[in-house]
Number of protein chains: 2
Amino acid sequence: MGSSYHQFCPVAKAMELLDERWTLLIVRELVTGSRHFNELRRGVPRMSPTLLSKRLQQLVRAGVVDRRTDGPNVQYVLTPAGEELRPVVEALGAWGVRWIGELGDEDLDPKLLLWDMHRNIDHTAVPNGRTVVEFTFPDAPTKSRHWWLVITANEADVCDVDPGYEVAVNVLTDLRHMVEIWRGDRSWSDALGAGTIELRGTPALRRGLPTWFTLPAFASVPRPA
Amino acid sequence: MGSSYHQFCPVAKAMELLDERWTLLIVRELVTGSRHFNELRRGVPRMSPTLLSKRLQQLVRAGVVDRRTDGPNVQYVLTPAGEELRPVVEALGAWGVRWIGELGDEDLDPKLLLWDMHRNIDHTAVPNGRTVVEFTFPDAPTKSRHWWLVITANEADVCDVDPGYEVAVNVLTDLRHMVEIWRGDRSWSDALGAGTIELRGTPALRRGLPTWFTLPAFASVPRPA
DNA sequence: CAGTATCCCTTATGATACTG
DNA sequence: CAGTATCATAAGGGATACTG
């Protein structure tokens with residue numbers, strides 16, 4: 001646990017738990033719906049598993065997370081106390097998207113982007129059967145230039161190798177532009193109009209694609225003038 | 001500045017700035033209205049001035065705080081971006097007061113308590129002229145057992161030595177109980193009824209005293225059943 | 001009042017490899 | 001899948017004293 005501030009103020013008491021590196025990002029992952037250890041890892045890929053494990057234990061001890069085991073099965077679930085951290089995460093997201101606009105190249109992780117998109121798919125909007133979306137980031141290093149999202153009725157998988165299925169739509173854009181759309185810094189239609197992003201596929205599928213994804217909540221936060 | 005999470009998520013970007021030790025407590029102080037270096041210090045007494053200075057510089061660089069100089073006079077003021085951290089601080093306070101109830105003895109700092117009370121006085125409720133409130137914490141070590149609040153029309157001073165003026169009301173209670181009232185864990189009337197706190201003075205002044213202070217915002221947050 | 005200057009030292013955490 | 005084990009480094013930060 002973080003060391004004490006020696007203050008009775010609830011802000012200080014809350015931060016004793018929450019100001020440690022990574023902690024609130026794990027809460028964010030849990031709020032987003034991740035439950036399994038390796039699922040959480042994908043949301044915080046730069047964190048060592050040792051540290052993730054330690055943080056989860058701290059959150060359990062703090063009463064924020066419940067660790068449920070069912071045989072070999074392990075789940076991490078937010079307690080009521082943890083669930084009430086959602087407004088904190090949302091407030092931070094809203095603030096961050098308004099006031100920390102500048103992203104470094106270091107912040108642009110295609111794997112993280114695809115991971116995030118894959119769990120925000122509106123399956124009711126995607127055509128029936130199997131739909132494959134290919135992402136091509138011409139500016140990315142060779143090995144992280146191509147990604148595939150394989151979407152079925154109630155699942156979606158991220159691939160960094162060609163799964164071999166027919167591609168419905170190919171999304172061509174610089175990684176940064178795709179991230180900007182995803183964060184709500186720019187709308188699909190703006191980016192398409194400006195030509196910073198290109199969709200390849202049948203007109204119907206190209207028109208449909210932007211509706212297949214539900215942008216994160218903070219994307220709709222109005223930006224400062 | 002805190003090191004990068006290498007994530008484009010605004011929660012992560014926000015936390016790169018805010019998850020460093022003390023940072024959000026300084027923001028809390030600024031939100032509360034403190035402007036001067038030594039005024040801020042009193043709100044985070046366990047922080048070394050070097051570190052406070054460093055944090056303030058970080059906040060200035062991040063565009064959250066504006067450092068204004070007028071000759072020898074220095075003021076730290078929240079920018080619009082900083083002002084918008086208020087909801088974050090409030091969300092943390094509301095969460096903390098609901099879910100981090102247990103205070104260690106280490107968290108009970110009488111100086112901090114008096115400092116916090118002194119800036120939350122409703123001067124319109126206090127009798128005209130000079131009003132002195134003495135606090136006696138029988139459980140505290142000798143040197144921090146007695147405190148005085150000297151309230152005048154538009155000022156209030158905290159003293160740890162008897163200022164010599166006539167005392168209007170003497171508040172007698174364990175430090176912990178006073179903190180509980182201040183945090184809203186318990187109401188004045190509850191505590192008075194239970195006898196965990198005692199007021200000495202004329203009936204009118206004793207009745208009036210609870211109205212002289214405006215409890216912090218989080219005090220009114222409903223607690224979990 | 002508004003900070004700097006040092007100094008030491010713990011401990012947090014990144015990196016990597018490994019296990020049931 | 002769900003973690004543990006180990007290690008070495010950096011640096012974060014506490015304490016204290018001092019200055020214009």
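Chain letters run A, B, ... following the sequence lines, proteins first and then strands; every chain starts at 1.
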### Under 4.0 angstrom between A:Arg35 side-chain N/O and D:dC1 OP1 or OP2
no
### Message
In this structure, how many angstroms lie between the P atom of D:dG13 and the CE atom of A:Met15, rounded?
### Response
12 Å
#### Entry: Integer-rounded Å distance: C:dG3 P and B:Asn73 CG
10 Å
### Query
When the distance from CG of A:Asn38 to P of C:dG20 is rounded to whole Å, what number comes out?
17 Å
### Query
Are any of the side-chain nitrogens in A:Arg119 or A:Glu39 under 4.0 Å away from the carboxylate oxygens of its partner?
no
### Summary
Rounded to whole Å, the CG-C1' distance (B:Asp19 to D:dG13) equals 15 Å
### Contact under 4.0 Å: B:Trp22 side-chain N or O vs D:dG14 OP1/OP2
yes
#### Entry: A:His36 side-chain proximity, nearest of C:dT13, C:dA2, D:dA2
D:dA2
## Note on the structure
Looking only at C:dA5, C:dT16, C:dT13, the nucleotide nearest the A:Ser48 side chain is C:dT16
### Query
OP1 or OP2 of C:dG3 less than 4.0 angstrom from a side-chain nitrogen or oxygen of B:Arg67, does that happen here?
yes
### Query
Distance check: side-chain N/O of B:Arg42 vs OP1/OP2 of C:dC1, anything under 4.0 Å?
yes
### Summary
note: A:Leu51, atom CG; D:dT4, atom P; distance rounded to Å ~ 12 Å
### Query
In terms of side-chain heavy atoms of A:Thr50, which of D:dG3, D:dT16, C:dT16 is nearest?
C:dT16
### Message
Quick test of your reading of the model: are A:Glu83 and A:Arg86 salt-bridged, counting only N-O distances below 4.0 Å?
### Response
yes
### Task
Return the value, rounded to whole Å, for the distance between atom OH of A:Tyr76 and atom C1' of D:dC1.
11 Å
### Query
If you take atom types as modelled and just measure distance, does the side chain of A:Ser53 reach the base of D:dA2 with a donor-acceptor pair under 3.5 Å?
no
### Task
Toss me the dot-bracket line for DNA chain D: Watson-Crick and G-U wobble, both under 3.5 Å, 5' to 3', using | for pairs to another strand and [ ] for crossers.
||||||||||||||||||||
### Query
Does the side chain of B:Arg41 get closer than 4.0 angstrom to OP1 or OP2 of C:dG3 through an N or O atom?
no
Let me have the donor-acceptor pairs involving side chains of residues 153-169 of chain A, under 3.5 Å, with sequence neighbours excluded, atom names and distances please.
unit_1: A:Asp162; atom_1: OD1; unit_2: A:Gly164; atom_2: N; d: 2.7

### Message
For A:Tyr5 and B:Trp22, I'd like to know if the aromatic rings sit close, meaning centre-to-centre distance below 6.0 Å.
### Response
yes
### Message
Does D:dG12 have its OP1 or OP2 closer than 4.0 Å to a side-chain nitrogen or oxygen of B:Lys54?
### Response
yes
### Query
Just one of A:Thr79, A:Leu78, A:Leu17, A:Leu18 clears the side-chain contact (heavy atoms from CB on, under 4.5 Å) bar with A:Leu85, so which one?
A:Leu18
### Query
Does A:Glu39 or B:Pro49 map to a spot on DNA chain D nearer the 5' end, using the closest nucleotide for each?
A:Glu39
### Message
Measuring to OP1 and OP2 of C:dG14, would you say a side-chain N or O of B:Tyr5 lies under 4.0 angstrom away?
### Response
no
#### Entry: From C:dC1, D:dT4, D:dG14, nucleotide with atom closest to A:Gln57 side chain
D:dT4
### Task
Examine distances only and state if a side-chain atom of A:Arg68 and a backbone atom of A:Asp66 form a donor-acceptor pair shorter than 3.5 Å.
no
### Task
Provide, to the nearest angstrom, the distance between the CD atom belonging to A:Glu20 and the P atom belonging to C:dT11.
12 Å
#### Entry: B:Arg183 bridged to B:Asp185 by N-O distance under 4.0 Å
yes
### Task
Please check the phosphate of C:dA12 (OP1 and OP2 only) for any side-chain N or O of B:Arg21 closer than 4.0 Å.
no
### Query
Salt bridge between A:Arg176 and A:Asp105, side-chain N to carboxylate O under 4.0 Å?
yes
### Query
Whole-Å distance between D:dG14 P and B:Glu106 CD?
14 Å
### Message
Using a 4.0 Å heavy-atom cut-off, does B:Arg68 contact any base of the nucleic acid, only the sugar-phosphate backbone, or nothing at all?
### Response
nothing
